[in-house]
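Heads up, the thing below is written out as structure tokens.
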Protein chains: 2
Amino acid sequence: MPARLLAISDPNPSQARPAERDDMTLIGVARSLSRDQAVFAEGAAADFVYKVMSGAVRTFRLLADGRRQITGFFLPGDVFGIEARATHAATAEAICESVLVSARRASLGADGEALGQLSRCVLRELHRTRDHLLTLGRRSAVERLASFLIDLADRGRAADRLALPMSRQDIADYLGLTIETVSRTLTQMQASGLVRVDGRQVQLVRRAALADLCE
Amino acid sequence: MPARLLAISDPNPSQARPAERDDMTLIGVARSLSRDQAVFAEGAAADFVYKVMSGAVRTFRLLADGRRQITGFFLPGDVFGIEARATHAATAEAICESVLVSARRASLGADGEALGQLSRCVLRELHRTRDHLLTLGRRSAVERLASFLIDLADRGRAADRLALPMSRQDIADYLGLTIETVSRTLTQMQASGLVRVDGRQVQLVRRAALADLCE
DNA sequence: CGTTAGCTTGAGGTGCATCAAGGGACGTGG
DNA sequence: CCACGTCCCTTGATGCACCTCAAGCTAACG
């Protein structure tokens, strides 16, 4: 795979996106990944941080018996791979064809401004992760899916329409459900007029009602 | 309440504790709290960060119908209250009589070293929160309690004995269970010889077996 | 066309929630 | 001293949301 040097702050300069997502500039090497290809494995040295330029990435942890918990989905503009320890606590994989930029973590610590950007990224992810905690700890299947869809729509460029990059199994492992429950709940939400689902295309028909489900 | 200025790095200098917990020095005002007293409320301005000197603190979020998710327990040496946004996303309350030190968040951002300490704190909490995600998403009630007890024992000063500062209801809201399930599961774990429980005193009898439950 | 991957749907089971009751520790007041 | 609460926890009986197991459906692709 040919690698080239890049200094990129915004992967989609022509499109309107939530400003917060693009506040970090990574100077590093671009890397293309095919579907399901690993970026790093749990336990590997955490020397690099990554920014998604295109595509999508999942991070997850496995229990010994194969149960999987996806801890995050990362879309263009998102940074991932920053760890508290020297090694990665989760595995990261491309969900579909994706392009990343990787930067040495050490090269960020030196610069004060980069450090500030980095800690803003981390704080934002902590915020998201706590939201996710509430979802996994206290919400029902419908509520989980509602908050998931709204979150994803907010991160995408259309507020009421989204193309899921991930499979039903990915969604299940993110929301702490089974693939069957995800599927059933989506059709049930469609039946009650909340959303329209066509494969991985989802339209949020009654966005306010969905938001109410998240309280 | 009389407040005095403090510069404290280690709340328990005479005791052996995990080194990681005491790497942040806060210069600020000491504050004593009685049981169930709020430190800050969800939505309040997040101008201060706090360090627990003695006692224990819980942070939590509520859904509209009263369901509660505790996002973290903070013990002596722990720092809490750092937010991605200008306001707190959770409420913080003292679990028992406690003493905190509070410091202006702005006073930390200025200093490069303090910033480094701060981001280390945040990274550590992100790490913990992701562990918690795996627990809430994919573990059974026994597994949840096992990982909870082991985590708490690791943070305390004895590896196989601990005094829970929080109620069964707090534990339930932390682990995404009901108080009845927590109670039942503890007695069942005692029956199978994993732990010995006497009110809020817990002894980890077969620590290795408990750890196996967490995989 | 057969095969596979991804998704949906159905039937039945179960882990945990819900509802309900009781017990022990502690305080308060007579 | 006992009677009475309240708080916290435990235990039991029952129900249900979601899981498990199983089958079928569609689209893509050799």
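Residue numbering restarts at 1 for every chain, and letters A, B, ... go by the order of the sequence lines.
In this structure, CD1 of B:Ile179 is placed 14 Å from C1' of C:dA21, rounded to the nearest angstrom. Whole-Å rounding puts the A:Arg35 CZ to C:dG6 C1' distance at 9 Å. Between the CG atom of B:Leu186 and the C1' atom of C:dC16 there is a distance of 15 Å, given to the nearest Å. Distance, B:Arg200 CZ to C:dG24 P: 19 Å, rounded to whole Å. Taking atom CG of residue A:Asp36 and atom C1' of nucleotide C:dA5, one finds them 12 Å apart after rounding to whole Å. The nearest whole Å value for the distance from the CG atom in B:Asp198 to the C1' atom in C:dA25 is 12 Å. Between the CD atom of B:Glu143 and the P atom of C:dG15 there is a distance of 12 Å, given to the nearest Å.
At least one test fails for B:Arg58 against the ring of B:Phe73: distance under 6.0 Å to the centre or angle within 45° of the axis.
Dashed line: the shortest gap from a side-chain N or O of B:Ser183 to OP1 or OP2 of D:dT11 is not under 4.0 Å.
A pairwise comparison of heavy atoms in A:Leu194 and A:Leu213 identifies CD1-CD1, 4.0 Å as the closest pair. The shortest non-hydrogen separation linking A:Ala38 to A:Leu33 is O-CD2, 4.2 Å. Of all non-hydrogen atoms in B:Leu62 and B:Glu42, the two that sit nearest each other are N-OE1, 4.1 Å.
In this structure, a donor-acceptor pair under 3.5 Å is present between the side chains of A:Arg161 and A:Gln203.
For the pair A:Asp173 (side chain) and A:Asp170 (backbone), a donor-acceptor distance under 3.5 Å is absent. A donor-acceptor pair under 3.5 Å is absent between the side-chain atoms of B:Thr181 and the main chain of B:Leu177, judged by distance alone.
At a non-hydrogen distance threshold of 4.0 Å, A:Ser167, A:Arg168 from residues 166-173 of chain A come into contact with DNA chain C.
Counting heavy-atom neighbours within 6.0 Å of A:Arg196 CZ, excluding the residue itself, gives a total of 12 or less.
In this structure, B:Arg67 reaches neither bases nor backbone, as no heavy-atom distance under 4.0 Å exists between it and the strands shown.
For A:Tyr50, the ring pair (Phe, Tyr, Trp, His ring centres under 6.0 Å) criterion is met by A:Phe40, A:Phe80, not counting sequence neighbours.
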Determine, for nucleotides 17-30 of chain D in 5'-to-3' order, which nucleotides have protein heavy atoms under 4.0 Å from the base (write B), from only the sugar-phosphate (write S), or from neither (write -). -SSBBB--------
